[in-house]
Number of protein chains: 2
Amino acid sequence: MRRVGQTVETARELKHVVVREHVRKLVQGAAPGTPAPSERELVSQFGVARMTVRQALDALVVEGLLERMPGRGTFVARPRRQQTQVASFSEAVARRGQVAETVTLLARVEQAGPGVARALEVEAGSAIVHWRRLRRAGGEAICVQDVYLAPDVLPGVLESVMPESLYEALCLRGLRPTWSEDSIQADLASDEERELLDFAAGELAPVLRVSRRAVHGERVVEVSRSAYRSDRFTLYLQLGPSS
Amino acid sequence: MRRVGQTVETARELKHVVVREHVRKLVQGAAPGTPAPSERELVSQFGVARMTVRQALDALVVEGLLERMPGRGTFVARPRRQQTQVASFSEAVARRGQVAETVTLLARVEQAGPGVARALEVEAGSAIVHWRRLRRAGGEAICVQDVYLAPDVLPGVLESVMPESLYEALCLRGLRPTWSEDSIQADLASDEERELLDFAAGELAPVLRVSRRAVHGERVVEVSRSAYRSDRFTLYLQLGPSS
DNA sequence: CAGTGGTCTAGACCACAGT
DNA sequence: CTGTGGTCTAGACCACTGG
């Protein structure tokens with residue numbers, strides 16, 4: 001995983017890296033259960049020591065690409081169940097086979113209120129970007145979202161066309177969120193939300209409120225509050241082991 | 001991670017395991033940044049080869065307990081941010097510093113309906129356990145939960161006192177969920193839920209509906225539907241990187 | 001039985017950090 | 001400079017699997 005001792009050039013390939021990438025290519029796209037070359041086979045093929053081959057294969061095992069079966073051999077692992085990861089609205093909608101649409105309702109510089117300031121880790125009252133969007137999918141209104149950004153996260157956003165996907169824009173700046181903290185509650189839509197989300201008059205209007213704080217490394221890159229029409233959007237989670 | 005070649009006994013300790021556990025004890029509770037013994041130090045201390053020591057330390061690095069710094073040494077890693085893991089109501093409440101209370105409203109054998117049967121991966125109409133509970137914390141009603149279990153998951157539960165914590169009971173059977181799939185929606189409480197959750201007459205009653213399917217290995221151990229009073233219970237999530 | 005992965009040894013040279 | 005971790009070798013014996 002850690003590439004050390006590599007110089008400015010493409011770096012003369014370390015042997016265990018050569019073997020690892022060779023095996024990775026062999027294995028990519030292969031059906032789970034397909035046998036990988038045996039360790040001794042790779043030893044003679046590459047003319048390296050067995051420990052070197054093991055180091056290469058160990059990395060692929062940790063990655064979850066291979067599985068060792070003592071006494072049997074090394075095989076392509078069946079893909080492990082995935083934990084839910086930080087995803088943007090656009091990505092969540094895409095996973096449902098639809099395309100996200102965005103209508104910018106508001107995009108301007110404001111003074112940070114105390115709650116937002118704390119979440120963004122900036123001084124209360126300092127200038128931040130407030131971006132309010134109505135998000136649609138399949139022609140239906142799904143969600144009203146207020147995003148708050150530190151001004152240096154996407155400098156000059158307000159001067160150009162607002163991007164369709166916030167996460168795509170962050171990605172281009174190398175600031176794709178690596179972690180997020182979300183809190184989720186049920187509530188009833190406000191009058192403004194009722195209208196934006198196309199609730200009929202008198203219709204009961206439960207919404208899912210999601211507050212997100214997303215960070216890249218040590219930097220808070222997004223603070224947002226969203227209200228989802230939950231009859232049009234269900235939140236799915238896959239969670240991993242607790243041990 | 002994988003313990004192979006160990007016989008019925010406590011198994012004669014493998015050297016790399018001895019070293020690993022020795023270092024683990026040294027390191028446990030130490031502040032992040034604390035240096036671990038150097039590899040050569042451990043070599044002379046245990047009279048083993050350096051590769052053996054490296055194997056031991058590698059395991060702790062993968063666990064996230066140690067961090068290597070080339071040219072500097074090996075150090076206690078600062079705890080990595082944790083992804084949210086599959087947790088029980090009791091655990092979630094305990095994390096908030098309260099104690100979960102449980103009132104069993106219903107516990108009996110029923111015939112599986114089509115939806116529950118599919119989720120539990122049993123034949124429709126076959127016998128399953130249906131367990132309905134009111135869950136409280138700090139004296140307040142938090143959640144109404146319907147749990148459906150395959151009969152062989154907790155054999156004889158209905159004949160004894162119902163456990164306080166389902167996950168604890170599953171744990172004792174070696175069936176603690178390793179994965180869960182949850183879907184989350186906002187809704188309004190039904191009349192029965194309104195009463196159980198102490199909503200006042202005429203009070204607006206938004207609830208968070210969580211459907212969970214929890215598995216241990218290949219076995220579905222829990223299917224449940226819960227309705228949370230979201231003014232008394234907020235769902236928190238920490239999600240990891242998407243790359 | 002032969003072949004597999006799991007463990008282990010006793011050395012070696014390298015790049016890098018700190019002094 | 002010394003000490004660290006990163007890489008690598010050329011063997012070895014073991015327990016296990018399958019035929």
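Here is the naming used below: chain letters follow the sequence lines, and residue numbers restart at 1 for every chain.
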Is the cationic atom of A:Arg213 (NZ for Lys, CZ for Arg) positioned less than 6.0 Å from the six-membered ring centroid of A:Tyr148 and within 45 degrees of its normal?
no

Axial cation check for A:Tyr236 ring with A:Arg96, 6.0 Å and 45° limits
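No, A:Arg96 does not lie over the aromatic ring of A:Tyr236.
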
Given atom [atom1] of [X] and atom [atom2] of [N], what is their separation to the nearest angstrom?
X	N	atom1	atom2	answer
B:Arg54	D:dT4	CZ	P	13 Å
A:Glu67	C:dG6	CD	P	12 Å
B:Arg72	D:dT4	CZ	P	13 Å
A:Phe75	C:dG3	CZ	P	16 Å
A:Gln55	C:dG6	CD	P	15 Å
A:Leu57	D:dC8	CG	P	14 Å
B:Asp58	D:dT7	CG	C1'	12 Å
B:Arg68	D:dT4	CZ	C1'	11 Å

DNA chain C nearest-nucleotide lookup for A:Gly73 and B:Lys15: closer to the 5′ end is A:Gly73

Are there over 12 heavy-atom neighbours, none belonging to A:Glu168, within less than 6.0 Å of that residue's CD?
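Open.
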
Option from A:Arg212, A:Arg225, A:Arg133 for which side-chain contact (heavy atoms from CB on, under 4.5 Å) with A:Val147 holds
A:Arg133

Residues A:Glu63, A:Arg24; criterion salt bridge (Lys or Arg N to Asp or Glu O under 4.0 Å); working and verdict
CA-CA 11 Å; A:Glu63 272 186 49; A:Arg24 190 202 300 284; 2.8 Å; yes

Give the residues of residues 40-51 of chain B touching DNA chain D, defined as any heavy atom closer than 4.0 Å, sorted by residue number.
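Residues of residues 40-51 of chain B that come under 4.0 Å of DNA chain D are, in numerical order, B:Arg40, B:Arg50, B:Met51.
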
Under-4.0 Å side-chain N/O to phosphate OP1/OP2 contact, B:Thr52 with C:dT7:
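Result: no.
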
Cationic N near anionic O, under 4.0 Å, [X] to [Y]:
X	Y	result
A:Arg173	A:Asp152	no
B:Arg108	B:Glu159	no
A:Arg68	A:Glu39	yes

Could I get the full list of salt bridge (charged side-chain N to carboxylate O under 4.0 Å, His left out) partners for B:Arg81, not counting sequence neighbours?
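Only A:Glu181 meet the salt bridge (charged side-chain N to carboxylate O under 4.0 Å, His left out) criterion with B:Arg81.
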
Can you tell which of D:dC8, C:dT4, C:dC8 lies closest to the side chain of A:Ser38?
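Among D:dC8, C:dT4, C:dC8, the one nearest the side chain of A:Ser38 is C:dT4.
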
Five pairs at each end of the helix from C:dC1-D:dG18 to C:dG18-D:dC1: take the axis at both ends and give me the angle between them to 10°.
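About 10° separates the two local helix axes.
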
